Amino acid sequence: MPKIKTKSGAKKRFKVTGSGKVLYAQSGKRHGMIKRTKKQIRQLRGTNVLFKTDGDNVKKYFLPNA
């Protein structure tokens with residue numbers, strides 16, 4: 001049987017922590033910053049943790065080796 005490949009788009013967008021949670025970068029920071037308030041820009045910093053069911057789906061279908 002062939003090995004299951006990781007989806008290359010998913011490995012750029014998600015990271016799995018040691019405890020198995022899935023981290024993702026927040027959206028809305030690429031362009032159009034002049035439209036956003038300073039508060040919005042500040043709150044979009046860093047990463048967030050996906051909900052458990054969404055994280056389980058990402059690990060099952062897109063990051064099988066993580």
Side-chain angles (χ1 to χ4, degrees):
M1 284 298 294
K3 292 182 179 178
I4 301 173
K5 287 189 176 180
T6 296
K7 297 287 185 191
S8 60
K11 71 182 159 190
K12 298 169 193 172
R13 288 169 172 80
F14 302 109
K15 180 186 174 193
V16 181
T17 64
S19 60
K21 295 176 183 172
V22 180
L23 298 177
Y24 69 98
Q26 300 193 84
S27 60
K29 281 276 298 224
R30 292 294 178 193
H31 55 81
M33 291 297 102
I34 197 133
K35 299 174 188 171
R36 313 213 195 313
T37 63
K38 299 291 182 193
K39 181 180 178 182
Q40 281 176 315
I41 294 170
R42 211 170 41 242
Q43 289 179 340
L44 287 172
R45 278 185 203 146
T47 57
N48 273 354
V49 179
L50 277 179
F51 287 111
K52 187 180 182 317
T53 50
D54 294 333
D56 291 345
N57 284 335
V58 166
K59 284 192 287 187
K60 183 176 178 183
Y61 295 114
F62 301 119
L63 302 170
N65 303 316

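Owing to the predicted nature of the structure, the values given are computational and were not obtained by experimental measurement. Values below: every heavy atom of this structure, side chains too, minus hydrogens, waters and symmetry copies.
- In this structure, the separation between CD1 on Ile4 and CG on Leu63 is 12.0 Å, given to the nearest 0.5 Å.
- The backbone N or O of Gln43 sits less than 3.5 Å from a side-chain atom of Gln26, completing a donor-acceptor pair.
- For Val16 against Ala66, the heavy-atom pair with the smallest separation is CG2-CB, 3.7 Å.
- A search for salt bridge (charged side-chain N to carboxylate O under 4.0 Å, His left out) contacts involving Lys52 returns Asp56, not counting sequence neighbours.
- If you take CZ on Arg36 and CZ on Arg42, they are separated by 15.0 Å, rounding to the nearest 0.5 Å.
- Note on Val58: it clusters hydrophobically with Tyr61, by side-chain heavy-atom contacts below 4.5 Å among ILVMFWY residues.
- Here the side chain of Lys59 pairs a donor or acceptor atom with the backbone of Gly20 at under 3.5 angstrom.
- Phe14 places a side-chain heavy atom less than 4.5 Å from the side chain of Leu50.
- Distance check: Lys3 NZ to Asn65 CG gives 8.0 Å after rounding to the nearest 0.5 Å.
- A heavy-atom distance below 4.5 Å is found between the side chains of Thr17 and Leu23.
- Taking NZ of Lys38 as the reference point, atom CE of Met33 lies at 10.5 Å (rounded to 0.5 Å).
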